[in-house]
There are 2 protein chains.
Amino acid sequence: MVTMSDVAKEARVSRATASYALRGDTRIAESTRNKVVEAARKLNYTANLSARSLRSGKSGIIGVAIFELDKPYPSQMSATLSRKINAYGMQAIIQQTSISKRNEISILQRVTSQLCDGTIFSPGSISNEEMRALTDGKPMVLLDDPSLHPAFDSVMTAGTAGARTAVMHLISIGCRRIIVIGASLSTMNDPANANTTKTLRLRGCLQAFQEAELAFDDTTFINADHWDPDTARNIAHQLIDSGRQFDGAFCMTDSLALGFMRGLADRQVYVPQDAALVGFDGIKEGGLSLPSLTTVQTDLDDLAAKSVGMLMERINQPQAHLEPQQMTANYKLVVRESSRR
Amino acid sequence: MVTMSDVAKEARVSRATASYALRGDTRIAESTRNKVVEAARKLNYTANLSARSLRSGKSGIIGVAIFELDKPYPSQMSATLSRKINAYGMQAIIQQTSISKRNEISILQRVTSQLCDGTIFSPGSISNEEMRALTDGKPMVLLDDPSLHPAFDSVMTAGTAGARTAVMHLISIGCRRIIVIGASLSTMNDPANANTTKTLRLRGCLQAFQEAELAFDDTTFINADHWDPDTARNIAHQLIDSGRQFDGAFCMTDSLALGFMRGLADRQVYVPQDAALVGFDGIKEGGLSLPSLTTVQTDLDDLAAKSVGMLMERINQPQAHLEPQQMTANYKLVVRESSRR
DNA sequence: TTGAAAGCGGTACCAA
DNA sequence: TTGGTACCGCTTTCAA
């Protein structure tokens, strides 16, 4: 391994000078800097990350910790965040929490807070206090922070407004017997859930129902333990088998929607003829399915710009001890075949 | 930040003793170790990664560098690798190369070779020699290494055997006018391409055609510049618009297959009635599409077990200077609706 | 069985 | 403008 001493020797300067020169400190004479840079290139030198990070506390790395990388939405979000981070000249590393608390702690404690200049974290089962302790004061931006008293900057998806838009759209195309897949109404009973993704989306649904003066009850809202396609596919089977009637469905994520659509097809119920369908997230797969999926699409570029932007601000101004900020990512309704009649 | 000195002081031992105790060195008396461990827990101590890594050259981190995280196959592969790495008690960090050479170099040079005890890398545009230089002798396992003279351990997907299986399956269900989407025959003309994914899969197709004594020519094989759904969708449009007849299609990836299927549907050509369809990879989305997709499924658990296993062996026995090894991941044909007649 | 001390490869203060 | 040097926090050799 070639170290800075090697470079300094090659350029016939001191280690200190070499260090300054390579980082472009203006106090170093241009001619000296050129010598050093040339020597570094000749030796194919790269600064040792551990050493630099140990001494300066900076690594140039931003961590992204996300629940499950094999699901379309988180993977597309991570990819977008990663590119945005690169655009700032930083390296992005992505870690999968698998929604396991042990994993979350391990990631925050052993990697993120140690190595990363900042973290973008999609919290699962870990509390604000634990995060405080584990991040050791390093900047962190949360994605969809459900806590009642935010302790960190965060970027939210437009859960309530988006869900409201989705249901309003179903109503506007003539649906009158609408069901919602993803959460049951009872979720909202517990005040601790006031800001969870489920509650926010439920709230938007209720707004739409009320504005349109459409009746609803407990059976309108169907919980999904896991927001994945197989769960939704089973729900569809049960629903049809039970003889339930509906002419429109809002699924709280696209993954649910695609699974639900498939489940309906398994029972010869077809979208959009028999029931219109709207999802949420805007994953790419929704544009390819048969029929293609109407969805409330979160603008991932905007989400990435906001979260990485906030994080970089904190990193660059660590002294500013501002209140935690909350931003919301843009969204738009993308109308496709699943709601065209 | 709480350091080892703090722990040592709290436990009333020296820093060295604390270090040994925490890592379970047997020379430390049990009672002493308990004191230290207790102190560490009380202070909520975590060893500084940079310091440890700088001094010992080990970090407990394995890097995974993959081309695009927002595509189903690489994202599902990364997720599986990540879990497998965790099962070995190591931390996994995932980085996205975006198939940009600059990015690949940057990742290898600035993060992977610096920080990671080993790397699993899906090479894009970087050469063996460059990798040698950038990894600085650290263990690395390549995924689908296309080089003619492998310089690293690698795990291959069963390109030739898998593609052969796929085409044989189409033949076995009665298809006689089969087309292949993904690469053109001319790809194989350049000897430099002898081991690329495209060539391997082409080779398998040719074997199947020849064994079944089925005619084929240049027009049987249609190139896709990018292996993504939109490209395939366009190909489908062009093919149908040009009046091309076929009763079966093998797409070199599931993403191509799903796009192709959607493109056929855009032109009122339906799978499997009008043409049977087989993909390659085995992404989860293939089980949900309408119709569900027959595919040659790569066993990702097996792929992960093999690649992480090889890597861990290299890490644990750095002295053994064995020849580069090649392994191949298991696969199986998963027959679904797209080829049921 | 434990402790003192020398680094690992950089950074940054201070002096020249 | 440049160089000497202390130090970041941990590991590891060597001595006690």
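Listed by residue number, the members of residues 110-118 of chain A with any heavy atom below 4.0 angstrom from DNA chain C form an empty set.
Atom CD in A:Glu30 sits about 11 Å away from atom P in D:dT2, given to the nearest Å. Rounded to an integer number of Å, the gap from A:Asp25 CG to D:dT1 P is 10 Å. Between B:Ile28 atom CD1 and D:dT12 atom C1' there is a gap of 12 Å when expressed in whole angstrom units. The separation between B:Lys58 atom NZ and D:dT12 atom P is 10 Å, rounded to whole Å. When the P atom of D:dC8 is taken as reference, atom CG of B:Asp6 falls 12 Å away, rounded to whole Å. Distance, A:Leu54 CG to C:dC8 P: 14 Å, rounded to whole Å. What separates CZ of B:Arg12 from P of C:dG3 is a distance of 12 Å, to the nearest Å. Taking atom CG on A:Leu49 and atom P on C:dG10, their separation rounds to 11 Å, with Å as the unit.
The main-chain N or O of B:Pro72 is found under 3.5 Å from a side-chain atom of B:Ser75 such that the two form a donor-acceptor pair. Counting only distance, with no hydrogens or angles, the side chain of A:Asn34 and the backbone of A:Ser31 share no donor-acceptor pair below 3.5 Å. Under a 3.5 Å cut-off, the side chain of A:Thr135 and the backbone N or O of A:Met131 do form a donor-acceptor pair. No donor-acceptor distance shorter than 3.5 angstrom exists from the side chain of B:Ser122 to the backbone of B:Phe67, with no hydrogens or angles considered.
Each of A:Lys35, A:Arg41, A:Lys42 was compared with A:Glu38 under the side chain to side chain donor-acceptor pair (under 3.5 Å) criterion, and only A:Arg41 meets it.
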List the steps and the verdict of side-chain hydrogen bond (donor to acceptor under 3.5 Å, both in side chains) for B:Asn48 and B:Thr3. CA-CA 8 Å; B:Asn48 180 297; B:Thr3 75; over 6 Å; no
Test B:Asp70 against A:Arg83 for salt bridge (Lys or Arg N to Asp or Glu O under 4.0 Å), laying out the working first. CA-CA 11 Å; B:Asp70 45 3; A:Arg83 285 191 211 102; 2.9 Å; yes
Between B:Asp136 and B:Ser113, is the side-chain hydrogen bond (donor to acceptor under 3.5 Å, both in side chains) condition met? List the steps. CA-CA 7 Å; B:Asp136 208 31; B:Ser113 70; over 6 Å; no
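Positionally, the nearest nucleotide of DNA chain C for B:Ser14 lies more toward the 5' end than for the other of A:Thr3 and B:Ser14.
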Output one letter per nucleotide in nucleotides 11-16 of chain C: B when a protein non-hydrogen atom lies under 4.0 Å from the base, S when only the sugar-phosphate is that close, - when neither is. BBB---
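Contact annotation: B:Thr32 side-chain N/O to C:dT2 OP1/OP2 distance is under 4.0 Å.
No hydrogens or angles considered: nothing links the side chains of B:Arg15 and B:Ser19 as a donor-acceptor pair under 3.5 Å.
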